[in-house]
Each structure stands twice: as C-alpha cells, then as structure tokens.
*Asks:* 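First, the structure itself, so that you have it in front of you.
Count residues from 1 along the sequence. Note that ligands are numbered from 1 as they come in the structure, with each ligand's atoms numbered from 1 the same way. What you see is a predicted model; the values in this text were computed from it and never measured.
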Amino acid sequence: MTTRTLIRRWKPRTVLIAGLAAVSALAMTGTATGAALAAGSAPQAAQASVTAATPAIVPKPVSLTAGRGSFAIQPGTPIVAASPQAVPVAQDLAGYLRPATGYRLPVVPGDGGRGAITLVLGQQGAVPGDPDGEGYRLSVTPDGVTLAAVTAYGLYNGIQTIRQLLPVWIDSPSALPGPWTMPAVQVTDHPRYTYRGVMLDIARHYESPAAVEQFIAQAAAFKINVFHLHLSDDQGFRIAINGFPDLTAIGGEGSVGTDGRTEDPGGYWTQADYKAVVADAQAHFMTLIPEVDSPGHNNAIIMSEYNDVGNPLLNGDPQNINCSANKPPVWDYTEDVGYSALCPDSQNTWTIMTAIIRQLDAMTPGPYHDLGGDEVPATVLSQSQYADFINEEAGIIQAGGKTVMGWADIAGPGTEIKTPAVAEYWNPASGSQPGSETGTEAVAKGMQVVMAPANHTYLDQQYVVNSAGSVPPTLGQNWACNSGCDVDQFYNWDPGSYVTGVTDRNVIGVEGAMWGETTPNLSDVDYMTFPRLPALAEVAWSPKANRDSTSSPAYLDFVSRLATQGGRFLAAGQNFYPSTEVPWRLDLTAARVVGAGDGAVNGTIALLAAPGRAAGAVTATVSWGDGTSSAGTVSGTAATPTTVNGLYSVSGSHTYPHPGVYHGTVTVTAAGTATVTARFTVR
Ligand code: TNX
C-alpha cells in the first residue's frame, strides 16, 4: 500500500518561473501594446499589455471567433427564455448581472429579437462531440445575444461565458455606472471531460454551509461540475448521523492545530444543512459527492464511538472498532496521517458505517458515494484486512444504489469492486514510476479514473515562494511540491497520458483537492484555490493541447486570459493569490460621481483592480473635463500576506468654476503594464 511517507521523499521536477517571452502568443487576448517581457523579471515587469474588451474566457472555448462591434446591455434589456425549461437559467443570468449593473433586466418568455439576450433550448444548440449536452452555442452581435444548448446545463455553461465577456466589474456586488458591453463573438463550446471536480476538506478545519456555498458558486464560474465533500477525517467528523450523536458531539469539536480545542472549536452540519448545500450545488449544476474516509483517516469516528457503550445500536463493546496504531486511541490534532483504522471484523464498525452511508446517501441525489480508502499502512491493517474492508463497504454502498468512488488505493491487491466504480489517482508518480501502480490496477479492474496527481492538482500545496516572499509559510503543505506548485504546474500536464496505460478511455476527468490542514477559513481556502483551480478547469474542459512548458503557446495564451480573472476576483471581493506567473493587468471603472451642487466634487471617481500591486505602485491622474487635471489618490484596504489585495478606489477633489455636467477621465499607470482609462460624468 502506498503512503505519503514514501512520497514525501519524491522530488518534483524543478518549477521554472519562466519569463513570458513572446507577446505574439497573446493573440487571444487581443492587441498587445506592451514591450517584450524579460525572462525572470519581477512581477511588475512581467506584464503583458492587453486591451480590455477582447474575450479572455477561462476555460478556453473549443472555438471562438471575434466579430465586429459589441453588444451593450441596457437597463431594460430583456433576458428571453425561449422555452419554460430555460427560465431558471435565464433567472440565474439575471441574478449574475443585476447587482453590478443595477438594471432591471426582466426575464420574459418569447422568441427574443433585437436588443435581447435570448436563451434557446433545443437541437439548434447541439455541438458535435458533446454526447451529454454540456456544450452551448453563443452568438453576440451588436443587435443581440443568442445562447443555445440542448440541456439547461449547457445553457448554464454558456452564461458563465457571457459573464466573462463582460467587464470584470460585472462581478461587483454593488451597482456601478458601466458601460456593460460585450465584444461581438461566435462561440461553440463543449467539455473534454465529463467530470470536472473540486474537493473541499471540511474535516481538518470546519467550514460553515454558507462558506461552502460561496465556494461552490466560485467554482461553478469555471464550469466545475463536481463538488466532492470530505466530511470526516482524523481530526473531525462534520455531519450529524441519527442514532450516533457522539459522532458530532465529540467528533465534531476539534480541528487541526486545536491544541486543547481552544483555537478553532470545529463544528458540524445538521442534516438540514447538508440538504441545503446539496440543493445549492444542484442549483449550480454540480454533483455533490459525499466522502467519509475509511478504513483509515477516521480517528474522529473512533474517538467518538470508542466509549459509546450505552448506544443500543452497538453491542456494548464498541472498543473493538479500534484497529489504530494507538491502543487505546488518542486525539492527534497534528497533520499526521496513516495511524488510525477501523477494524474490518468488528460488527460495530459496520453498524456505524452502514448508518453513515445510508443516511448520507438518502440525502444525496448524485450517483456517487466516496468511501475514501487512502493511506492505510500495512503496519496498521494488512493488505488483506484492508481489501476485506473495502470489499465489504463497497457492497454496502452498491446495495444502496450508489456508485463506489475512492482514492485509487482502493484498486490495490485483493480488492474486488463491482464496476462501474471510480478510482481517484492522487499519487504524483507519472509514466510507470513506482507509485503509479494504483492507476494501472484501477484500469485492470475496469474502474474509471479521475486524475488528481497531487503535484498537479492538490490545492493545499504551497505556491512557489517569490523573491518578495509573498507566500506565507503557514498556508499550504509541501509534501507533493517541495519547491512549491504554482499555476504552471497545475496547467502543464495531460490527464489522458500521465500514467502509462491510463488513457482517455479510462479517464473521466480531473479534480483539484483542497485539503484543509492549513486553511481555517474560506479566505484562506480561496487563496490556495484561485487561480490554480481555473488552470485545472481548463485542463478538464478545453481540448487537449500541448501543455508541456512555460514557453508553450498554450500556456502563454492561458496565463494571458487568466490575467483578466484577477480583476473579477477583486470586484467580487473573493480572495486569491496574485501569482507572479500571471501577467495581471489593471482594470478601471468609473464610479458614480455626484457634485455637491456648488461646483465642488470630493470623493471616489473610479475603482481600480490592480492584482498583486500595492497602492503606492500605481499612479492615478484625474482630468476633470474643464481643462484642468490633478493627481488622484489611490487607497484601499491594506493587503496582508493572505488576503485580498489590489482593489482600490481612486479619489480626488475639485471645484469647477460653475456647477454643471462635466465629462472627465481617470488614467492609471503602473510599471510594465498597459495604462487604463475610464470616463466619468459629474452631475
Ligand atoms: C494527502 S493523498 C491526503 C490527505 C492530506 C493531504 C495533504 C490523500 C488521498 N490524502 O489526507 O490532507 O495529502 O496534502
């Protein structure tokens, strides 16, 4: 059995922070006006200058052709649902667009027409090579927008693209003046893989249902369609199970680093909470997969039930569930792994596990139940004990009608799992390197494979520490990425040829795993997840490409499109890591400027998104529209090493010779990137 003790000795290939050598590779994002970019340059210098209005869609669509002109959303632009089944997605689109625009955007039935955004469900939305109808066709012209798909989910994917065609400020929760224009384009799009997942570990650190729902919405924007929820691990059990109140009363309390449980008391979800999150995932067209890890990674279950002698569902001797290295079991709130195990031959083990599986699966509409199955060293359970456990549990899950999923360890010697079943390959080993056996074993056993090699997909792994030391040592582990894994490492690999013999005939998709040991809150989770999840989303959605180096056209094109996402995150108030591998750009939009009536103006003139740049690193000038100009003041919440930074307001004060309507401009410059300008009107 493979454990990370072995893996920790493994060294990833050196991560090159390559300079972006060729501006010509930025064709997708439009006109480059910046100078060539020097290798190894500082973040500010490593900027490509691109115009704001060119499409920069992540994940990259199968086909995108730019047209002439643009479509401008107006206050009364109708969002037309051409059939009743399109109404919910039309409402979703209106919901995305109303806060920032402040427009009514009525959702109406009909056939669309000039000036409308029309959502059509039917065969005219069919896209070749898209058996599940996840794709869409989108036409934007100056006269209107038509989005067509075969399924509501296809339409939903299309509206994520529409959002990205609009200025980054469309993700602002409060109204801004706009203008809200989309460049004319024709898009035909569908995914490469049907499984595009993200996993969140709420066991190592508790996350509230509200935080998880935010995370779901953030991931859905990149066409992620599977939400794998890691509900239980050594340090915490997070879901109420009827008949076993100790699982949450005891097991719900701790979290990693909870020495004496004072720092982070943990928490758990009621079943109503879980159902609400399931419904929220469904509303985002995401399949939720529950995971209660077993037979290892379950010290919290063991500690909760070990003394549950009075439980009428158990046989009075619950201590026989403990096959851990520690006898009796003890809490361990460190990041240790591989010491705990439930005993396969204890009747109590199966009483507890069956209750968990049945109750969770009854609340879960998706087809999968994930049993975990990772990292049980032979010193804790022999391979045959482990295999017996997995076989028994798989039978219980399948008898309840769900498809078994687990970490690829479940494909190891002795396991016999009826297919269909899914193995998630996590080992960094590639080709036929030692450690890759679980991948080939899974294929030999007829299992489908989700690719999640830790050195390319583990969102909890540290970023590459840059010269400014911007990566805090407390966030992230490094066992799979001992010199850090940044955007390029998440982008430059191919799921269909990573392990010898595991090909696109076996691979159903890709998953990013956000393990929770170092991330106590959503802000930290977001910092680790973005912008690396968008890289995985592109690997999972977009056509196969030569994703093999930091100088490949595919990668340069990707980071230039990714650059636009920084402004979106900032506008939305979503945390992310402004990786130095991305040529972040400036985005500026006018605020509503209202004069005092006596010709005086004093306050915010514009909003600026400047990912990764301090306020002092940008210069703002306000031309007031009466022939005078003055310096603008750039201010915002001071950055901390792990929180949102780069969202600023540009303010100024001016007294006009006489009251009136004036049209001014704000200009912002910063080293190594294109200058941005916004027009404002003083009333
Ligand atoms: C590996 S590999 C784990 C998790 C840890 C993570 C930390 C695997 C399936 N499990 O238990 O949280 O590494 O990076």
*Asks:* If you take the centroid of each ring, where Trp contributes its six-membered ring, are F530 and F569 closer together than 6.0 Å?
*Replies:* yes
*Asks:* Which residue from V337, D460, D234 reaches closest to atom 7 (C) of ligand 1 through any of its heavy atoms?
*Replies:* D460
*Asks:* At a 4.0 Å threshold, what atoms of ligand 1 neighbour a non-hydrogen atom of Q461?
*Replies:* 14 (O)
*Asks:* Taking distance alone, with N or O pairs closer than 3.5 Å, would you say W515 contacts ligand 1?
*Replies:* no
*Asks:* Go through ligand 1 atom by atom and flag the ones less than 4.0 Å from a non-hydrogen atom of H297.
*Replies:* 11 (O)
*Asks:* Have a look at ligand 1 and work out which part of E335, if any, has a heavy atom under 4.0 Å from it: side chain, backbone, both or neither.
*Replies:* neither
*Asks:* So is R204 in contact with ligand 1, going by heavy-atom distances below 4.0 Å?
*Replies:* yes
*Asks:* Please determine if Y458 has a nitrogen or oxygen closer than 3.5 Å to a nitrogen or oxygen of ligand 1.
*Replies:* no
*Asks:* Looking at K418, I'd like to know if its NZ atom is crowded, meaning that more than 12 non-hydrogen atoms belonging to other residues, nucleotides or ligands lie closer than 6.0 Å.
*Replies:* no
*Asks:* Can you tell me how far CG of N298 sits from CD of Q235, rounded to the nearest 0.5 angstrom?
*Replies:* 11.0 Å
*Asks:* Between ligand 1 and W426, is the shortest N or O to N or O distance under 3.5 Å?
*Replies:* no
*Asks:* Salt bridge check: are R196 and E134 linked by an N-O gap of less than 4.0 Å?
*Replies:* yes
*Asks:* I want to check something: taking the side chain as every heavy atom from C-beta on, are T580 and Y463 in contact at a cut-off of under 4.5 Å?
*Replies:* no
*Asks:* Taking OH in Y268 as the centre, count heavy atoms belonging to other residues, nucleotides or ligands within less than 6.0 Å. Is the count above 12?
*Replies:* no
*Asks:* Taking only Lys NZ, Arg NE, NH1 and NH2, and the carboxylate oxygens of Asp or Glu, determine whether D504 and R192 approach each other closer than 4.0 Å.
*Replies:* yes
*Asks:* Look at ligand 1 and say whether E424 reaches it with a heavy atom at a distance under 4.0 Å.
*Replies:* no
*Asks:* Can you list the atoms of ligand 1 that are under 4.0 Å from a heavy atom of E517?
*Replies:* 5 (C), 7 (C), 12 (O)
*Asks:* I need the atoms of ligand 1 closer than 4.0 Å to a non-hydrogen atom of D374, numbered in the order shown.
*Replies:* 8 (C), 9 (C), 10 (N)
*Asks:* Is any NZ, NE, NH1 or NH2 atom of the basic residue among D233 and R204 found under 4.0 Å from an Asp or Glu carboxylate oxygen of the other?
*Replies:* yes
*Asks:* Report yes if W407 has an N/O atom closer than 3.5 Å to an N/O atom of ligand 1; otherwise report no.
*Replies:* no
